[in-house]
Participant: 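One structure coming up, written as structure tokens, with questions to follow.
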Amino acid sequence: QVQLVESGGGLVQTGGSLRLSCTASGLTFGTYDMTWFRQAPGKEREFVAAISGSANRNYYASFVEGRFTVSRDNAKNTMYLQMNSLKPADTAVYYCAASKARLGSRYEATYDYWGQGTQVTVSS
């Protein structure tokens with residue numbers, strides 16, 4: 001049984017930082033490209049960042065603007081999202097997803113597995 005579990009969300013002030021984690025079990029983690037999505041209230045889920053299975057390629061949404069860094073530790077079956085200079089517009093539930101289909105895909109149907117999400121709230 002495959003599980004993706006996000007953690008690290010919380011409440012932070014504008015300009016603050018958070019590090020999200022996504023820990024996987026039940027799959028060969030290093031063979032999957034991993035992606036972060038987010039969904040704000042009343043909006044569709046959107047792509048945030050992606051990293052290849054070997055961690056040698058990554059992609060970011062334009063709104064990241066150099067503030068977020070995606071990384072992974074295959075020995076720990078974990079992907080991370082370091083988020084700095086957070087803004088109220090970053091408030092959302094953040095999800096991780098696993099895929100072998102296409103790195104950086106914006107289409108949810110591309111993904112094989114999803115986590116349950118972790119809430120990030122940035123206060124002004």
Participant: Nearest 0.5 Å, please: how far is OG in S124 from NZ in K87?
Facilitator: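 So the gap between those two atoms works out to 14.0 Å.
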Participant: Would you say CD of E65 has more than 12 non-hydrogen atoms from neighbouring residues, nucleotides or ligands within 6.0 angstrom?
Facilitator: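 Counting other residues, nucleotides and ligands, CD of E65 exceeds 12 neighbours.
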Participant: Where is the tightest heavy-atom contact between A92 and Q119, given as atom of each residue plus distance?
Facilitator: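 Closest pair (atom of A92, atom of Q119, distance): O-NE2, 3.4 Å.
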Participant: Would you find a donor on one side and an acceptor on the other, under 3.5 Å apart, between the side chain of R45 and the backbone of E108?
Facilitator: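 Checked: no pair found.
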Participant: Taking all atoms of both residues into account, what is the closest heavy-atom pair of T35 and M79, and its distance?
Facilitator: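 In this case the closest contact between T35 and M79 is O-CE, 3.7 Å.
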Participant: What's the spacing between R19 CZ and M83 CE if we round to 0.5 Å?
Facilitator: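 Reported value, rounded in 0.5 Å steps: 11.5 Å.
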Participant: Answer yes if V48 and V120 sit in the same cluster of Ile, Leu, Val, Met, Phe, Trp and Tyr residues linked by side chain heavy atoms under 4.5 Å apart, and no otherwise.
Facilitator: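 Per the 4.5 Å side-chain linkage, V48 and V120 are co-clustered.
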Participant: Testing the basics here: between A55 and R72, what is the closest heavy-atom pair and its distance to 0.1 Å?
Facilitator: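 That closest heavy-atom pairing would be CB-CG, 3.8 Å.
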Participant: Write down the atom of S105, the atom of Y107, and the distance for their closest heavy-atom approach.
Facilitator: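 Shortest heavy-atom separation between S105 and Y107 comes out as OG-N, 3.1 Å.
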Participant: Is there a continuous path of hydrophobic side-chain contacts, each under 4.5 Å between heavy atoms, that joins Y113 to W36?
Facilitator: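 Y113 clusters together with W36.
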Participant: For the CZ atom on R102, are there more than 12 heavy atoms of other groups (residues, nucleotides or ligands in this structure) within a distance under 6.0 Å?
Facilitator: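 Open.
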Participant: Check the pair T78, F29 against side chain to side chain contact (heavy atoms under 4.5 Å, CB included), reporting the backbone distance first and the verdict last.
Facilitator: CA-CA 8 Å; T78 300; F29 186 67; 5.6 Å; no
Participant: Hey, quick one: are V93 and F68 part of the same hydrophobic cluster, counting side-chain heavy atoms closer than 4.5 Å, chains of contacts allowed?
Facilitator: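 No; F68 is not reachable from V93 via cluster members.
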Participant: Please determine whether a side-chain nitrogen of the Lys or Arg among R38 and D90 lies less than 4.0 Å from a carboxylate oxygen of the Asp or Glu.
Facilitator: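 Looking at D90 together with R38, the answer is yes, because their closest N to O distance falls below 4.0 Å.
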Participant: For the aromatic rings, using the six-membered ring if either is Trp, is the centroid distance between F47 and Y59 under 6.0 Å?
Facilitator: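 Between F47 and Y59, the centre distance exceeds or equals 6.0 Å.
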Participant: Applying the 4.5 Å side-chain criterion to the ILVMFWY set and letting contacts propagate, would V70 and Y95 be lumped into a single cluster?
Facilitator: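 No.
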Participant: If we ignore hydrogens and angles and just use 3.5 Å, is the side chain of R57 paired with the main-chain N or O of S52 as donor and acceptor?
Facilitator: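 No, because the side chain of R57 does not come within donor-acceptor range (under 3.5 Å) of the backbone of S52.
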Participant: Short question: side chain of S99, backbone of T110 - any donor-acceptor pair under 3.5 Å?
Facilitator: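 Answer holds: yes.
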Participant: Whether the side chain of T118 engages the backbone of E6 through a donor-acceptor N/O pair (distance < 3.5 Å, no angle test) should be reported.
Facilitator: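 Absent.
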Participant: Please find the pair of heavy atoms, one from Q82 and one from S17, that lie closest to each other, and give the distance.
Facilitator: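 It is NE2-CB, 4.0 Å.
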Participant: Output yes when a side-chain donor or acceptor of T14 lies under 3.5 Å from a complementary backbone atom of S123, and no otherwise.
Facilitator: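 The answer is yes, because a donor-acceptor pair under 3.5 Å joins these two groups.
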Participant: Between D33 (side chain only) and G53 (backbone N and O only), is there a donor and an acceptor less than 3.5 Å apart?
Facilitator: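 Yes, D33 side chain to G53 backbone: donor-acceptor pair under 3.5 Å.
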Participant: Tell me, with the steps shown, if T23 and N77 meet side chain to side chain donor-acceptor pair (under 3.5 Å).
Facilitator: CA-CA 6 Å; T23 300; N77 284 4; over 6 Å; no
Participant: Do F37 and V122 sit in one hydrophobic cluster, given that two such residues count as connected whenever their side-chain heavy atoms are within less than 4.5 Å of each other, even indirectly?
Facilitator: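 Result: no, two separate clusters.
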Participant: Which heavy atom of L4 sits nearest to which heavy atom of Q116, and what is that distance?
Facilitator: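 Shortest heavy-atom separation between L4 and Q116 comes out as O-OE1, 3.4 Å.
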